[in-house]
Amino acid sequence: MKTPGKVILVGAGPGDPELLTLKALKAIERASVLFVDDLVSDAIVAFAPPSARVVYVGKRGGCKSTPQEFIEKLMLAAAREGQTVVRLKGGDPFIFGRGGEEVEHLQAAGIAVEVVNGITAGLAATTSLGVPLTHRQHAHGVVFVTGHAKPGAQGPDWRVLSATAHSARLTLVIYMGVSGAERIQNELLSGLPASTPVAVIQNASLPSQRHIATRLATLAQAIAQSGLASPAIIVVGEVMGALALAAEHPATARSA
Ligand code: SAH
């Protein structure tokens, strides 16, 4: 039997290839097989050696996404063949990337696993607008939270979160929240003021990036009007105050 190879879970960052870490780049350049998620840019996959096998496991090309268990089986088989397997995931593998589950399954099967961080979309999204996630005057911390619960499962408790975000002054960074924006908005309004600044950023770090700045009371309406869609990040909190003001008074912002 061949010496088993290993699997490296690599964070590909939010999209812009220049936001890859050096460690991620080196892992991609040394891979013999790559399993690539949907949100990974082609320009990043292009760093793989020409001899490497590239397997797309997302929903590209109109196919249904590959079931998680099947991806894990494929990775396991490749590692057992002695391949150097890179699992390329958008953003950071350990932020809503199911990286934790993959590490558990691979390790349970006796395969060595390494994880390389990537810049998570929530961080890149705000930075691209020049806004910090924490600020001594506006936010003492930040919560990364999913807007999309597992089918049949209960999602985050938005009422508790909104009350906590208000009293502890936390920025809420919501992943996968655009399709449920109306429900999220209504629940967040139980604990946060209607005037809380909000921004929605689509395709952060890519040339196709677009964003809107608004207030919590008009979040769902502003998304619908702008046509913004997934992949997008919703950021709720006072750190977005200057952007919301500028959106409401564009002439003042220009002359300031
Ligand atoms: N592991 C990833 C998140 C995977 S969940 C990370 O750390 O970024 C997928 C969600 O991430 C999308 O629905 C969207 O909310 C967000 N996302 C990923 N890439 C994005 C991008 N370039 N711009 C905005 N949101 C993005």
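Both counts, for ligands and for their atoms, begin at 1 and track the order of listing.
Annotation: Leu206 places no N or O atom under 3.5 Å from an N or O atom of ligand 1; distance criterion only. For Phe96, no nitrogen or oxygen atom sits less than 3.5 Å from a nitrogen or oxygen atom of ligand 1, counting backbone and side chain alike. For a threshold of 3.5 Å applied to N or O pairs, the pair formed by Gln202 and ligand 1 contains no separation below that value. At under 3.5 Å, not a single nitrogen or oxygen of Ile119, backbone or side chain, sits near a nitrogen or oxygen of ligand 1.
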Tell me, with the steps shown, if Glu102 and Gln68 meet side chain to side chain donor-acceptor pair (under 3.5 Å).
CA-CA 9 Å; Glu102 292 182 10; Gln68 185 67 16; 2.8 Å; yes

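Tested against Val198, the residues Ile212, Val235, Leu216 include a single side chain to side chain contact (heavy atoms under 4.5 Å, CB included) partner, Leu216.
Of the listed options Pro14, Ala124, Gly13, Pro14 places a heavy atom closest to atom 22 (N) of ligand 1.
Ala121 CB, 3.4 Å is the protein heavy atom nearest to atom 17 (N) of ligand 1. The protein heavy-atom contact nearest to atom 21 (C) of ligand 1 is Ala204 N, 3.5 Å.
With contacts defined as side-chain heavy-atom distances shorter than 4.5 Å, the pair Asp92/Leu123 does not qualify.
Contact annotation: for Pro231 versus ligand 1, heavy atoms closer than 4.0 Å belong to both the backbone and the side chain. Within the 4.0 Å heavy-atom criterion, the part of Asn203 lying near ligand 1 is the backbone and not the side chain.
Shortest non-hydrogen contact noted between Pro197 and Glu238 is CD-OE2, 3.6 Å.
Atom CG of Leu20 and atom NZ of Lys26 lie 13.0 Å apart (nearest 0.5 Å).
Contact atoms of ligand 1 toward Ile201: 24 (C) (distance under 4.0 Å to a heavy atom of the residue).
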